[in-house]
Chemist: 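Would you mind keeping the following structure in view while I ask a few things?
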Amino acid sequence: MEIVAEYIDEAVSATKKKMEERPQLVNLLRDVTEKKIDFIMVYKDDRLARHPMEHQRLRMFFIANNTPVIISNTKELYTNGDLLAQLMKDGFSKFEADNIRERTRDTFEAKIQKGEWTGGNPPYGYKKIEGKNEFEIVAEEALVVREIFDLYKKGEGFQAIASHLNKTVGDRKWTKEKVKFIVTNPFYTGYLSMGRIRKGSSSAIQEKEKWVMGRCEGIEPLISLQEWEYCWHMYQQKRKGEVQPKRFKTRYLLKDILYCKECQQPMACKNQMTAGKEGKRYGANIYLCKGCRLRCNADWLHQFILENVLASVFLRSHAVNDPLQQEIKEGFISEVEHLRENIAKLEEQIAKYAVETNRVEQEIKGMYKMDADEETQRLVKILFAYRIGLKKKMDQANKLIEVNKEKINYIENVEMDYEFWKEIFYGMVRSEYGFEDTKLRRLLLYVFDRVEISRDGEVSYKARVDLSPREYFMYGGFAFE
């Protein structure tokens, strides 16, 4: 025979890809249609397809085009034989492939949980040490990684960070996807992970509860686990729309928490800055009540809040017996207890659903017969629908449990680490105030639930921590209509 062509789909899975998505198989079928081929040889039939229905489509195609397919492994004709036997064989082929894939996944999961590297290229910032389960830090890349995490903690988005790196780091073309893969990768804390990327996608990050993670002693962390959890929490909030990406990047430090005391309406932010002919700036950034038209100068109000209200926070945060730290800790402990109570209630509900599901299944088994009358068949359908409803409720409850566990993990690993919060919030105020600094904005959102101003200049607030005194009066800094 003369081999006229070879058709090899390298690194393409017949299990994951449809026939139409395999370029070389498409070329083969085209050449068969154009009568360029007398017959085909293939090592095993599972090289052609994995799914039984695809096998039948291929067989019908080859028969219609009078093109025999020889299986060299068994010396059989792919296009001949009993239909039922072929279907059973095709089904077993898929079953075998599924088992191999499942066993491979189980092996990888076990290795990851033990902290063993399963192969591939290490992430940016590291290189693998040959023959060892250890990784070496690439110094110049590590500096970039730390900068990425620092910028993200400050509220910068993936695209903004990528644009910044393209101007300052010339070793690669940075994109928001590359930045996202670094920020969401726990490798930088010393943990290996598996299942981070959603199946069927090249970039979508799955929920963390679906990951498999394991501590690897051969990875020297570039950031702490607390920092990474903090960034992951920010990413989750942005992705779910709970926090707008620009929420922390604003010069209006009291945006969303400043209210008019008379109208009880949130104050709008308005830029009334203008420039004269010679470039001189006039006007100011203001907070405005759209109800009673109360206005106040934003920069003056910020200065007043910082120097009068937050002064006690800064002083107390450095005290030997810091009551603020204890207040914050007690608040988080209470929140964790509440979340654990929610989990216990959900687990109790799931147990009830499980008992009810078992009862329904027993009823269905007792009623289900091939010759059952119409009424019995109707009742069986109702019970099936009820069972499906119970299963959905169990799935929803399990999802809520995972959400609550994620919140507990974040509180215990990030928010209860008071030193970490002090580094995030108080580091910049030791020298000077920066009104556009996202750390300061986070501090205000963290400390205050609500700040109110009145027409006569009174400033009051509701805080997450106990601040005293409770009210202040501002003599300057307000503009009245």
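Both backbone and side-chain heavy atoms feed into the values below; hydrogens, waters and symmetry mates do not. Along the sequence shown, residues are numbered consecutively beginning with 1.
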Chemist: Would V179 and Y152 count as a side chain to side chain contact (heavy atoms under 4.5 Å, CB included) here? Give the steps.
Modeler: CA-CA 10 Å; V179 174; Y152 195 73; 5.9 Å; no
Chemist: Can you check whether V32 reaches I40 side chain to side chain, under 4.5 Å on heavy atoms?
Modeler: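 Yes. Closest side-chain heavy atoms under 4.5 Å.
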Chemist: Would you say that E361 contacts T357 through its side chain, given a criterion of any heavy-atom pair below 4.5 Å between the two side chains?
Modeler: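 Yes, close enough: below the 4.5 Å cut-off.
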Chemist: Can you measure from NZ (K178) to CD1 (I161) and round to the nearest 0.5 angstrom?
Modeler: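 The distance works out to 15.0 Å.
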Chemist: Parallel, tilted or perpendicular: which fits the ring planes of Y235 and F158, with parallel below 30° and perpendicular above 60°?
Modeler: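 Because their plane-to-plane angle lies in the 30° to 60° range, the rings of Y235 and F158 count as tilted.
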Chemist: Would the distance check show the side chain of E134 and the main-chain N or O of G218 forming a donor-acceptor pair, the cut-off being under 3.5 Å?
Modeler: no
Chemist: Could you check whether any side-chain heavy atom of L58 comes within less than 4.5 Å of a side-chain heavy atom of L29, counting everything from C-beta outward?
Modeler: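 They are in contact (side-chain heavy atoms under 4.5 Å apart), so the answer is yes.
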Chemist: Identify the two heavy atoms, one from I71 and one from K44, that lie closest to each other, and give their separation to 0.1 Å.
Modeler: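 Shortest heavy-atom contact: CG2-CA, 4.0 Å.
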Chemist: Distance check, rounded to the nearest 0.5 Å: N358 atom CG versus E363 atom CD?
Modeler: 11.0 Å
Chemist: Among F62, Y78, F61, exactly one meets ring pair (Phe, Tyr, Trp, His ring centres under 6.0 Å) together with H55. Which residue is that?
Modeler: Y78
Chemist: Taking C260's backbone N and O only, do any of them form a donor-acceptor pair with Y287's side chain (distance below 3.5 Å, no angle check)?
Modeler: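 Here the side-chain-to-backbone pair does not exist.
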Chemist: Without swapping roles, check the side chain of N166 against the backbone of A162 for a donor-acceptor pair under 3.5 Å.
Modeler: yes
Chemist: With heavy-atom distances below 4.5 Å as the criterion, would you say the side chains of C231 and F149 are in contact?
Modeler: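 They are in side-chain contact.
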Chemist: Taking everything shown except E220 itself, do over 12 heavy atoms lie less than 6.0 Å from its CD?
Modeler: no
Chemist: If I compare all heavy atoms of E147 with all of L165, which pair ends up nearest, and what's the gap?
Modeler: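 Here E147 and L165 meet closest at OE1-CD2, 4.0 Å.
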Chemist: Do the non-hydrogen side-chain atoms of E406 and W232 ever get within less than 4.5 Å of each other?
Modeler: yes
Chemist: Would you say the side chain of L253 lies within less than 4.5 Å of the side chain of I305, judging by non-hydrogen atoms?
Modeler: no
Chemist: For residues C263 and C289, report the shortest heavy-atom separation together with the two atoms involved.
Modeler: SG-SG, 3.7 Å
Chemist: So, applying salt bridge (charged side-chain N to carboxylate O under 4.0 Å, His left out) with D395, which one of K392, K391, K393, K399 is it?
Modeler: K391
Chemist: Nearest heavy-atom pair of I453 and E262: which atoms, and what distance?
Modeler: O-OE1, 4.1 Å
Chemist: Who pairs with E136 by side chain to side chain donor-acceptor pair (under 3.5 Å), at least two apart in sequence or on another chain?
Modeler: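 If we apply the side chain to side chain donor-acceptor pair (under 3.5 Å) test to E136, skipping adjacent residues, there are no hits.
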Chemist: Could you tell me which non-hydrogen atom of E356 sits nearest to which non-hydrogen atom of Y386, and how far apart they are?
Modeler: OE2-OH, 2.9 Å
Chemist: Show the numbers, then the answer: is there a salt bridge (Lys or Arg N to Asp or Glu O under 4.0 Å) between R57 and E54?
Modeler: CA-CA 5 Å; R57 286 176 59 192; E54 289 189 352; 5.3 Å; no
Chemist: Quick one: CZ on F135 to CD1 on I219, what's the gap to the nearest 0.5 Å?
Modeler: 5.5 Å
Chemist: For residues 341-355, please give each side-chain donor-acceptor pair under 3.5 Å, one per line with the distance, not counting sequence neighbours.
Modeler:
none

Chemist: Measure the spacing between CD1 of I257 and OH of Y461 and express it to the nearest 0.5 Å.
Modeler: 12.5 Å
Chemist: Counting neighbours of CZ on R387 that are heavy atoms of other residues, nucleotides or ligands and sit closer than 6.0 Å, is the number greater than 12?
Modeler: no
Chemist: Any donor-acceptor pair under 3.5 Å linking the side chain of W228 with the backbone of V183?
Modeler: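 A pair under 3.5 Å: yes.
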Chemist: Output side-chain donor-acceptor pairs under 3.5 Å for residues 188-195, partner residues at least two apart or in another chain, one line each.
Modeler:
from	atom 1	to	atom 2	distance (Å)
Y188	OH	Y124	O	2.7
T189	OG1	P186	O	2.7

Chemist: Salt bridge between E229 and K208, side-chain N to carboxylate O under 4.0 Å?
Modeler: yes
Chemist: Within this structure, what is the CZ-CG distance for the pair R59 and L77, rounded to the nearest 0.5 Å?
Modeler: 11.0 Å
Chemist: Donor-acceptor check, side chain of W211 to backbone of Q206, threshold 3.5 angstrom: yes or no?
Modeler: yes
Chemist: Say whether Q362 and R359, considering side chains only, have a donor N or O and an acceptor N or O under 3.5 Å apart.
Modeler: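 Their side chains do not contain a donor-acceptor pair, so the 3.5 Å distance test is not met.
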Chemist: Strictly distance-based, threshold 3.5 Å: is any side-chain N or O of R47 a donor or acceptor partner for the main-chain N or O of I8?
Modeler: no
Chemist: Just do the side chain to side chain contact (heavy atoms under 4.5 Å, CB included) check on V144 and I182 with the steps written out, would you?
Modeler: CA-CA 10 Å; V144 178; I182 288 177; over 6 Å; no
Chemist: I need the I408 CD1 to L339 CG distance, nearest 0.5 Å.
Modeler: 5.0 Å
Chemist: With the threshold set at 4.0 Å, does a side-chain nitrogen-carboxylate oxygen contact exist between E375 and R378?
Modeler: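 R378 and E375: salt-bridged.
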Chemist: Relative to Y7, does R22 satisfy both conditions: NZ or CZ under 6.0 angstrom from the six-membered ring centre, and within 45 degrees of the ring's axis?
Modeler: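 Here R22 fails the 6.0 Å and 45° test against Y7.
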Chemist: What pair of heavy atoms forms the shortest contact from E156 to K238, and how long is it?
Modeler: O-NZ, 3.9 Å
Chemist: Would you check, one step at a time, whether the test side chain to side chain contact (heavy atoms under 4.5 Å, CB included) holds for I137 with Y126?
Modeler: CA-CA 5 Å; I137 292 176; Y126 291 90; 3.7 Å; yes
Chemist: Is any side-chain heavy atom of N398 closer than 4.5 Å to a side-chain heavy atom of I401?
Modeler: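 A side-chain contact exists here, since the closest heavy-atom pair is under 4.5 Å.
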Chemist: More than 12 heavy atoms of other residues, nucleotides or ligands under 6.0 Å from NZ of K176: is that the case?
Modeler: no
